[in-house]
Amino acid sequence: MTLAGWGRFPVFPGTTEAPRNEAELCTIVADQVVIARGNGRAYGDSAIGSDKTISMRHFNHMLAFDANLGVLVAEAGVLLADVISTFLPRGWFPAVTPGTKFVTLGGMIAADVHGKNHHKEGSFGACVDWIDVITPGGTIERCSRQENAELFNWTIGGMGLTGIILRAALRLRPVQSAWIRQTLHPLHNLDAALDAFETTQDATYSVAWIDCLSQGESLGRSLLMLGEHATGAELTGDRARYPFETPRKRKLSVPFDCPARMLNSLSVRTFNGLYYWNGSRQRGETLVDWDSYFYPLDAILGWNRIYGRKGFIQFQCVLPLEQSKAGLTALLQATSAAKAGSFLAVLKRFGLQDSAFSFPMLGYTLALDFPVNQRTLSLMTQLDRITIEHGGRFYLAKDSRMPADTLHRSDPRATAFATHREASGLSGSFRSKQSERLCL
Amino acid sequence: MTNGAVLILGARSDIGLAIAHKFAKDGHPVQLALRDPAQLETAQKDLNLRYNVPVTLHAFDALAVDTHAAFIDELPKLPQIAVCAVGLMGDQIENEQDVTAAVTVMRSNYEGPASILALLANRFDQRGSGQIVGISSVAGLRGRATNYVYGSAKAGFTAFLSGLRNRMASRNVHVLTVLPGFVATRMTEGMDLPARLTAAPEEVAQAIARGLNKGRNVIYVRSIWRLIMTIIVLIPETIFKKLRI
Ligand SMILES: Cc1cc2nc3c(=O)[nH]c(=O)nc-3n(C[C@H](O)[C@H](O)[C@H](O)COP(=O)(O)OP(=O)(O)OC[C@H]3O[C@@H](n4cnc5c(N)ncnc54)[C@H](O)[C@@H]3O)c2cc1C
Ligand SMILES: NC(=O)c1ccc[n+]([C@@H]2O[C@H](COP(=O)([O-])OP(=O)(O)OC[C@H]3O[C@@H](n4cnc5c(N)ncnc54)[C@H](OP(=O)(O)O)[C@@H]3O)[C@@H](O)[C@H]2O)c1
């Protein structure tokens, strides 16, 4: 048996242990060196234990819901997909969601994930009221902004390295429908894209796809996608009658390892199609169902196999606002020059963020997928350097290969976190392959 | 509520819980019966929150057969569907040496389940409707050296279900026999099972709901098992007794 993250690189021998109740879980934590694993959607080695990997799959119960405040109390192994299928029909949606619904609440807290609304509403931690964490020795500690604040602050974004999140209380957002009003803006280069992000700060959701093959004058040619939850009044016909019902979708699955070229040519064609279609006519609004809008890739089960047996890596960094234009230009130039097989990148504006170890900061984040090979690995090193030169840092939920020195140079908080872990006795209890590699 | 209540005996089992999710999702009230109801209090909250149906917990011991009639009387309502997921694999080597252990396996897989289902069948018969689901096993189709104590009890249970179905066929009470091959549950945790032959508990639950809808009599969950078992049953005894499978 082997363990890997979503990128299927790197791969380690080992299995998970799946305790079934609190007492079993606490005993394991008291006796062994562990790391929690949610649904394994982190790309690299974040959810692989240096010794033991604890699967949270049996801690998948929702415990209580306050329908006035929209506060859900649930165990950490509950999937976001289940939260949505349970509460969207009642008029509630996650306040912050990553680009896949197949993640656990624990995984979202540990990575302090961001969504397309970060510029306005912050990261996942912002909607968390309190957390129960199993700390060294196997004791359960309740923490929040008021109570045990140090544990709370390090746990959000702490990548499982402060303990095992057992349950949490989170606030959902009220919505009037399951539909998103989307507008698409084709932008001919990076300058235009950044300007568009800055002038659309009021939009609830915003994200852009960048065509990585474009060069020169059109470097950073992109498609900005804005979205708003549709209100009841904005719907007509059956959508107005049944605002929380959306068409059922067929699930496709990728049955075996197939070449990355397929996904890439498909996505590039989709990109170009949308780009020209939207450029050539009056830009209209379209209504998109929540699943297609937030989770387009989820419709293709097991799409990570598209990159073949060797797996793939994602590079994701964030650059501070003032350095974004120069940094992004350098990153895109290096990528397009390397012809390394990344055809689309995702660009997103972040808002203010003040947290102990979370990834986001005021500025722009760029994410790129690459097949694993020598060429892309050396490109990564180059991208690391460009990021650091422009004052940026890296997303650990996507990292699978960064050297410790790169992390610590990019982010002084890493050293502070390592020191805190040492001083609080955390490093003797919670260790992942990633924390070892990164000296956390 | 238009959907009838579903009673699940052995509700803490992974298969039993998956069945509870499936039926609750389809809008049925669920009655969860197990030895220690406290074990499912969290699951009760979860099911209730997710699917907005009544979920009740009931103490039930399959081996305490003289309590079975009272158990049925105390249910909030006579269920429309009763599913028995009770079972005990035991340890074959231990069962060969320790008669008490072997008898517990025999009673847990045959006597207990047959006893409670017999009583439920009579009540369903009186009412004039009901559906009974017995989870037996392919292990009951032919005794093998590796688990024949368990297998023999399942064989008894399978025969019981088939007879009950025969008796009730004209009485509007349907009996569905489920013969799962491998299922990834607590029972098989740690065993190295071939992925293609191993179902998830949710698949068993789906198959049962579908089987009931279509009025099926015997289902195997993964159809490959029907083929495998047909072949295994056909092997002549002179050859079979020398095999290690
Ligand atoms: C298609 C795709 C799109 C994505 N889009 C985004 C995005 O838009 N924004 C974004 O921020 N991220 C995104 N991600 C990354 C993903 O949201 C994070 O990696 C998330 O942490 C995965 O959750 P998981 O439950 O699968 O956790 P895992 O991958 O299993 O674990 C991730 C980390 O969380 C820790 N952890 C998990 N459960 C617990 C627990 N109970 N207690 C303590 N620690 C725990 C693990 O130790 C590990 O460090 C995306 C990933 C994919 C595959
Ligand atoms: N897993 C497989 O590969 C497989 C294959 C074929 C058939 N099956 C059958 O599927 C059914 C469900 O099993 P499973 O795989 O989900 O395993 P499981 O988790 O071990 O389930 C067995 C259940 O039976 C209950 N039980 C045992 N003795 C009992 C008694 N005296 N009174 C009340 N309940 C009792 C147990 O209750 P407690 O929770 O109180 O312990 C447990 O919940 C069983 O009948 C099993 O034989 C399983």
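Proteins come first, then strands; the chains are lettered A, B, ... in the order of their sequence lines, and each starts at number 1.
Looking at A/Ala74, there are no atoms closer than 4.5 Å to chain B (heavy atoms on both sides), in backbone or side chain.
Sparse packing is recorded around OH of A/Tyr242, with 12 or fewer heavy atoms of other residues, nucleotides or ligands lying under 6.0 Å away.
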Determine which donor-acceptor pairs between chain A and chain B fall under 3.5 Å and list them with their distances.
{"residue": "A/Arg20", "atom": "NH1", "partner": "B/Asp14", "partner atom": "OD1", "Å": "2.9"}
{"residue": "A/Arg20", "atom": "NH2", "partner": "B/Asp14", "partner atom": "OD2", "Å": "2.8"}
{"residue": "A/Arg20", "atom": "NH2", "partner": "B/Glu189", "partner atom": "OE1", "Å": "3.3"}
{"residue": "A/Asn60", "atom": "O", "partner": "B/Arg50", "partner atom": "NH2", "Å": "2.8"}
{"residue": "A/Met62", "atom": "N", "partner": "B/Asp46", "partner atom": "OD1", "Å": "2.6"}
{"residue": "A/Met62", "atom": "O", "partner": "B/Asp46", "partner atom": "N", "Å": "3.4"}
{"residue": "A/Asp82", "atom": "OD2", "partner": "B/Arg50", "partner atom": "NH1", "Å": "2.8"}
{"residue": "A/Arg90", "atom": "NH1", "partner": "B/Leu49", "partner atom": "O", "Å": "3.3"}
{"residue": "A/Arg90", "atom": "NH2", "partner": "B/Leu49", "partner atom": "O", "Å": "2.4"}
{"residue": "A/Arg90", "atom": "NH2", "partner": "B/Arg50", "partner atom": "O", "Å": "3.4"}

